[in-house]
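Taking it in order: structure first as structure tokens, then the write-up.
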2 protein chains.
Amino acid sequence: MAENQTVQTMLDAMSKKGWRITDQRRRLAELFSTTDEYLSPKDVYEYMRQKYPSVSFDTIYRNLRLLSEMGILEQFYFLDSGLKFKANCSTHHHHHLICVNCEKTVTFDYCPMWHVSGLPEQFDILNHRFEIYGICNECKTTAN
Amino acid sequence: MAENQTVQTMLDAMSKKGWRITDQRRRLAELFSTTDEYLSPKDVYEYMRQKYPSVSFDTIYRNLRLLSEMGILEQFYFLDSGLKFKANCSTHHHHHLICVNCEKTVTFDYCPMWHVSGLPEQFDILNHRFEIYGICNECKTTAN
DNA sequence: ATACTTGCAAACGCTTTGCAGTTAT
DNA sequence: ATAACTGCAAAGCGTTTGCAAGTAT
């Protein structure tokens, strides 16, 4: 996906932090650089298992956590399907439409902080979260 | 809290659904009608235990889930502290400032959907989420 | 050579379930 | 009276941990 980080960007970031580039981590980078949907640890496990049948869940979790901590991945907790991960959009500040059916995301540039008003003065703002949920075009037109 | 639902409102809603008003549920309603912070199942358990020492976690969970399903409570998953609950603000549409330290919420009326633009046409919007995170005045001025 | 990473197994915490006894309606 | 609710115990699930063997640097 055009917006995503490349495999090389991710691997470079890991190297810079002193982490080793193992086959599993390379494959993990490949996975997240080519999908813009949220993936559960189980999704990742299933994917990794295709190439590394003996991969274990704890390795998946460890790497997902490390990648999240260094900002390569972002986490999102879906109330009905639990914790999921996707590549962080590093290009520029933006927000997402999220399809509640397929969980695909679409980015848009509008930021509500441009216009927000009526906030209490004495509150130090650190960050914000704005997401719009709906049904994407494909899910509308596909019977499921 | 002025914005919250009253105990009676909650109990009426339960009765209307055919649920029975047990002592525990009354106390649960009391708890959520008088706090505007997010509470974890454990928080609720500790509170309930003061009056009903033999209360069990599964009863807490069952009632929290039921109250959430009927819209009396809303759930929120904090990535660092897990699932929490608070009374749903039934008064009118608004959004929240959330203090990342004490998790107290402050409401404000501005809604980003008033101004949002640049969205893909073919996406059916169902709902949205907008939250601002920061440090509230009390947490700023209190050393912790 | 060394420090990091992996897979295994076990533990952990949070949440749910089945069931028998109890309680609100 | 009866249908719903509770508490108990046990199970379930997702996630984390300790450790010995393996691997990238």
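Any value given below was found using the heavy atoms of this structure, including those in side chains, with hydrogens, waters and symmetry copies removed. In what follows, chains are A, B, ... by sequence order, proteins preceding strands, each numbered from 1.
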> What's the verdict on ring pair (Phe, Tyr, Trp, His ring centres under 6.0 Å) for A:His95 and B:His128, showing C-alpha distance, side-chain angles and the deciding distance?
Replying inline: CA-CA 11 Å; A:His95 295 278; B:His128 62 281; over 10 Å; no
> Is it the case that one hydrophobic cluster holds both A:Leu119 and B:Ile135, taking links as side-chain heavy atoms less than 4.5 Å apart, direct or via other members?
Replying inline: no
>> Just the rounded figure in Å: distance from C1' of C:dT5 to CZ of A:Arg27.
In response: 19 Å
> Does B:Phe78 have any ring-ring contact (aromatic ring centres under 6.0 Å, His included) partners at least two apart in sequence or in another chain, and if so, which?
Replying inline: B:Tyr38, B:Phe76
>> Could you check whether A:Asp58 pairs with A:Arg62 (Lys NZ or Arg NE/NH1/NH2 to Asp/Glu carboxylate O, under 4.0 Å)?
In response: yes
> Under a criterion of less than 4.0 angstrom to any heavy atom of chain B, what are the 5'-terminal and 3'-terminal contacting nucleotides of DNA chain D?
Replying inline: D:dA3 to D:dA9
> Any idea how B:Phe130 and B:Tyr110 line up, ring-wise: parallel (<30°), tilted (30 to 60°), or perpendicular (>60°)?
Replying inline: perpendicular
> What are the residues of residues 18-26 of chain A, sorted by number, that bring a heavy atom to within less than 4.0 Å of DNA chain C?
Replying inline: A:Trp19, A:Arg20, A:Thr22, A:Gln24, A:Arg25
> Is there a path from B:Trp114 to B:Leu126 through hydrophobic residues (I, L, V, M, F, W, Y) whose side chains come within less than 4.5 Å of each other?
Replying inline: no
>> Looking at every non-hydrogen atom in both residues, tell me the closest pair between A:Arg25 and A:Met14 and how far apart they are.
In response: CD-SD, 4.0 Å
> Side chains of A:His96 and A:Tyr133: is there a donor and an acceptor less than 3.5 Å apart?
Replying inline: no
> Taking CG from A:Leu83 and C1' from C:dC14, how many angstroms apart are they, rounded to a whole number?
Replying inline: 14 Å
>> Using a strict heavy-atom distance below 4.0 Å, which residues from residues 42-58 of chain A are in contact with DNA chain C?
In response: A:Ser54, A:Val55, A:Ser56, A:Asp58
> Which residues satisfy the ring-ring contact (aromatic ring centres under 6.0 Å, His included) test with B:Tyr45, sequence neighbours excluded?
Replying inline: B:Phe57
> Would you say the side-chain atoms of A:Asp12 and A:Thr9 include a donor-acceptor pair closer than 3.5 Å?
Replying inline: no
> When you measure from the side chain of A:Thr141 to the backbone N and O of A:Glu138, does any donor-acceptor pair fall under 3.5 Å?
Replying inline: yes
>> Can you pull out the residues from residues 60-77 of chain A that lie within a 4.0 Å heavy-atom distance of DNA chain C?
In response: A:Arg62, A:Asn63
>> Quick one: does any side-chain atom of B:Thr105 pair with a main-chain N or O of B:Asp36 as donor and acceptor, under 3.5 Å?
In response: yes
> Just wondering, do A:Pro120 and B:Val106 contact through their side chains at under 4.5 Å, heavy atoms?
Replying inline: yes
